Amino acid sequence: MINKSKNFLNRIVEEDLNAGKYQEIVTRFPPEPNGFPHIGHAKSISINFGIAKEYLGHCNLRMDDTNPTTEDTQYVEALKDAVKWLGFEWDKEVRYTSDYFSKLYEYAIQLIKMEKAYVDSLDEEKMREYRGTVTQVGKRSKFAQRSVEENLDLLERMKKGEFKEGEHVLRAKIDMASPNMKMRDPLLYRIKDAHHFRAKDEWSIYPMYDFAHCLSDYIEGVTHSICTLEFENNREIYDWVLDTLELEPPRPYQHEFARLNINYTVMSKRKLLELVEKEIVSGWDDPRLPTIAGLRRRGYTPESILNFCEQIGVAKANSVVDVAQLEFSIRDNLNPKVPRVMCVLDPLKVTITNYEGSEELEASYYPYDVPKEGSRKVPFSKEIYIERDDFMENPSKGYFRLTPDQPVRLKHAYIISCKEIIKDGQGNIVEIKAEYYPDSKSGSDTSGIKVRSAIQWVEANKAKEIEVRLYDRLYNNEAPDGIEDINPNSLKVIKNALIEPSVLPEKIGVRFQFERHGYFFADPIDYSDETPVFNKIVSLKESSSQKRKVSQNKPKLQAKKVQIDGEVTPMTQEEEVLFEKYTNELKLNSEVANTLARDKQLSSLYEEALTTHSSPINIANLITNEVARELKNKSIDELKFTPKQIATLIKMVDDKTISTKIAKQVFEEMSKNGEEPTQIVESKGLIQISDPAVILPIIEDIIAKNPENVEKYRAGNSKLFGFFVGQVLKATGGKANPKVVNELLKNVALS
RNA sequence: UGGGGUAUGGCCAAGCGGUAAGGCAACGGUUUUUGGUACCGUUAUUCGGGGGUUCGAAUCCCUCUACCCCAUCCA
C-alpha cells in the first residue's frame, strides 16, 4: 500500500507499543447477537481485525450476549459468517460474554465487599426520578446504606431466582451528582427471568453492558477496546470499574470512532427490521440492503468491501459517505478480473438481409487492457437482436450508435448499416433490416469504414432467456427518514433478457460484465437451469456525454452564511477593574486584557511574574497563550514552573538572547520538568543566531538545493516564502533569528 | 439547560507552528471494437465565524455558532 496515511487509532496503538505498555496488541469485535450484520459492522471488523493484523497481534470475536431476551443463535452464525466472508480469522474459539458470567459475579461480590456496589430496591420509576436530569443532580437511594452482608445476601438470592424481575438491582456506588449521567450509580446487574440461548436457565441475573464489557475485555487481555462514538460517555464507567477493582495491569483502554453512514440507505437495526417485516424488501439478504447478506447476494466481493473501508478512513467526525464511493470500490475490484459477455436487456430484432448461413465467431472474454486470456465462440446468423436504444431513427446530436445514416459495429462481428425500419400499426419500431459488410469482420477488417461505436448483440435462435434483476438505490432521499422515502423503482425485473449461449452452463456465484451494462452476479438463491437469474451488482460508470442528455443544469451557488455571534457574559465589577488597569496602565491590547482579567488564575500568575521582570506586554502574551494551554488540563498547583521563571524567560526574549519561537520551546520544557529557563537555553545551546554572516551561507545553501521552488517563488508564488524561512530555521535547529532570516531572504537572496 | 464529542472543497479524509496530502464525485483531453478501463490535466489564496499571539497559524489562546451523544433494569 502506497502513501497510506495513519488514522488516530493507529497512532494510539503505535504510541502504546513504543511506550512498552503492552506486549502484544489485542483487539476484539464484540457484537451483540441480536441482528444481522451490515456494512457498518464490516467497518468495525475491518478496523479491529485490521489493527491486530497490522501490529502482529490478534483479534477476538466475542458475542456480547448479556441480554437473553433479544439474542439468538441464528445471529451468532450470521456474525461468524460475516467475519469469515471478509477473510478474517479470530483468535481461537468464538468468545461469549456469557462464558464469563461466573467471573463477573465474583467481581460484583468484590465490589460489594469494597462497599462500591449495593443492591437497590427502588422501582423503575423511582429510580429514574432519583437519577435527576442533565441539569439537576440526582439523589441516592436509601438502600445504598445496606450493609455489606445484606448486599451479599441479597445478590446471592437474586442470583438464585428468589425475586421477581424489577424487584432488585445491583448498582455501583459512584456519584449521583455526576455531570455525566452514566456515572449516577449505574446498574451492574438486573434480574431477568429469561432463557439464555447459551447459559440456558442457570442465571436469574444478567450483567449490564457497562459492567460486563470492560471486564470481558480485561479477562481476554484486550489492549485496545475500540467502539463507536455513542459510548464516549460510557468510557468513564469503563475506567471506573477496572480501576476500582484494582486489577493486575495491563488493562484495556477504550477508544471511539464514528460509525459508518452511507447516503440513500439506512443502517439502523430498527429501520432495517421495518423493511424486512413490512416486506418492502424480500428478506435480510435482499440485494438492496446494506446488510452483509444483502451485499453478498448482490455480488459485492469481500475485497471490495474491505477496500471501501480502507478508503473512507477512520475518524471521530459524524459523516455520511457517498454511495458512489462504495460503487467505485466494486467496479474497481471487478474490472480487472471478470469476463465480458453480451446480453441484450430490451431486444430489437435486426435482420441482415445480405447474410446467409451461420458461423461461430471467436470472442475474447477480456478487452485489450485487461491482462487476462480467454475466449469463447459466439454464434452469428442473419437474425440477431440488439439493444432497443442502440438504434435511433432520429438521432440526437452526439449519438454514436446505429441510425439510418450511421453504421455501427456489432462487437466481435461485422459492421452493419440500417436499410429499412419496420413499424407496427402504432408506429413502434419492431424490426430493422440491415446489411453487413463482409470485409469488416472483427480482427480482419479491411473495409476501411469508420464507426463511432461497437454494440453488443445476440444471435436470435441460439440466445438464451434469462431473468435479470436491476437494482437501484432503495431510497429516493439522500438522508431517508422512513418508508415514505422508499424508491418505488428500486427493483426492476426483466424476465426475458437475451444472453449469448456460452454463459449458461455457468452456475451460481459467478460474476460477469454484461458488456456496456454493468457487472452481474448469478443469484445464489434463485438461479436454476430453467430460470437463470442474474443480479446487477453495479452499472458501468456513466460517462459525461451520456449523462448530459438526461441531467439538467443544477442550480448551486450558495451564499456564504452570515453567522450571528451570541452574547458574551458580561464582566464582573472586579474583572472590569482589572481590565481597565491592563489596558490603560499596562497598555495590553483589549483581547489579551480581556482573557487575563476574566481568569483569576492567569491574572494572579501574571501579576506575580511582573514583579520579577517588568515587561507587561510580552509576559501577558505568554501567559494568555502558552500558560492558558497548560491550565486547560491541569490545575494551577500542578504547574511545574513558577511565575518567576516565566519572567526570566521573557527577559531573555527582551534581551534578544532567544527568539519567541525558541521561547515557546523552552516553555514547553519548563512545564514538563520545571527546569530553569536559563539552564535549558544553556544546556541545549538555544541562543539565537542573528549574525547575517552566519545565516547567509545557510540561506544560499537552501536556495541552491531548491531551484524549482525558487523559480516558482520568482514566478509569483509568494506562499513559498514561508517554505524558505522554514527550511532555514530547520537547518539551524530553530536558532536562526527569524526576523533576520526574513530580511535576508527578502532583500538579498530572493530579490 | 449540565456534561461529553465534532467542524478542512459536492462527499470521505490527511495534516499536530514553516509549500493545504490522498480517494470518490465533477469537468476537460489522449488511448480505446465497452459512451467502460487506463493515462494526463483542471477543481480550497483557505480550514465553522470573529478576534488575539507569532517573522509565519488549519495547527497555540480567547470567544461565538452549528451539529452529534448521554437522563433503558438496551448494547
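None of the values given here were measured: they were computed from a predicted structure. Chain A is the first sequence line, chain B the second, and so forth, proteins listed ahead of strands; every chain is numbered from 1.
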Nearest-angstrom distance from the residue atom [atom1] of [X] to [atom2] of [N]:
X: A:Gln665; N: B:U53; atom1: CD; atom2: P; answer: 23 Å
X: A:Asp565; N: B:C64; atom1: CG; atom2: C1'; answer: 4 Å
X: A:Asn633; N: B:G4; atom1: CG; atom2: P; answer: 12 Å
X: A:Arg184; N: B:G3; atom1: CZ; atom2: P; answer: 12 Å

Counting only Watson-Crick or G-U wobble pairs whose two distances fall under 3.5 Å, which nucleotide matches B:C67?
B:G5

So does [X] reach the base of [N] with its side chain, donor to acceptor, closer than 3.5 Å?
X: A:Asn594; N: B:G51; answer: no
X: A:Gln325; N: B:G23; answer: yes
X: A:Asn625; N: B:G52; answer: yes
X: A:Asn709; N: B:U19; answer: yes
X: A:Lys739; N: B:G56; answer: no
X: A:Arg516; N: B:G35; answer: no

Is a side-chain donor-acceptor pair under 3.5 Å present for [Y] with [X]?
X: A:Arg598; Y: A:Asn594; value: yes
X: A:Thr97; Y: A:Asp64; value: yes
X: A:Asn307; Y: A:Ser329; value: no

By nearest heavy atom, map A:Tyr368 and A:Arg629 onto RNA chain B; which one lands nearer the 5' end?
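Nearest-nucleotide comparison on RNA chain B picks A:Tyr368.
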
For RNA chain B, whose closest nucleotide is more 5', that of A:Thr135 or that of A:Glu32?
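Its nearest nucleotide lies further toward 5', so the answer is A:Thr135.
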
Tell me what [X] touches on the nucleic acid: a base, only sugar-phosphate, or nothing, going by heavy atoms under 4.0 Å.
X: A:Ser442; result: base
X: A:Thr660; result: sugar-phosphate
X: A:Asn742; result: base
X: A:Gln513; result: base
X: A:His517; result: nothing
X: A:Thr66; result: sugar-phosphate
X: A:Val137; result: nothing
X: A:Gly722; result: base

Give a yes/no answer on whether the side chain of A:Arg331 brings an N or O atom under 4.0 Å of OP1 or OP2 in B:G36.
no

Using the six-membered ring for Trp and the full ring for Phe, Tyr or His, decide whether A:Phe723 stacks on the six-membered base ring of B:G18 (centres under 5.5 Å, planes under 30°).
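No, A:Phe723 does not stack on the base of B:G18.
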
Within residues 728-735 of chain A, the residues having a heavy atom closer than 4.0 Å to RNA chain B are A:Leu729

Using a strict cut-off of less than 4.0 Å between a Lys/Arg side-chain nitrogen and an Asp/Glu carboxylate oxygen, indicate whether A:Asp185 and A:Arg171 qualify as a salt bridge.
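Salt bridge: no.
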
Going by an N to O cut-off under 4.0 Å, is there a salt bridge joining A:Glu232 and A:Arg235?
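The answer is no: the pair does not qualify as a salt bridge.
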
With side-chain hydrogen bond (donor to acceptor under 3.5 Å, both in side chains) as the test, pick out the partner of A:Glu515 among A:His412, A:Gln456, A:Lys411.
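Testing A:Glu515 for a side-chain hydrogen bond (donor to acceptor under 3.5 Å, both in side chains) against A:His412, A:Gln456, A:Lys411 leaves exactly one candidate, A:Lys411.
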
Is the cationic atom of A:Lys746 (NZ for Lys, CZ for Arg) positioned less than 6.0 Å from the six-membered ring centroid of A:Phe721 and within 45 degrees of its normal?
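Because its charged atom sits under 6.0 Å from the ring centre and within 45° of the axis, A:Lys746 does stack over A:Phe721.
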
Distance between the C1' atoms of B:C68 and B:U59, in whole angstroms?
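Taking atom C1' in both B:C68 and B:U59, they lie 24 Å apart.
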
Classify the ring geometry between A:His213 and A:Tyr209 as parallel (under 30°), tilted (30 to 60°) or perpendicular (over 60°).
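A:His213 and A:Tyr209: tilted rings.
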
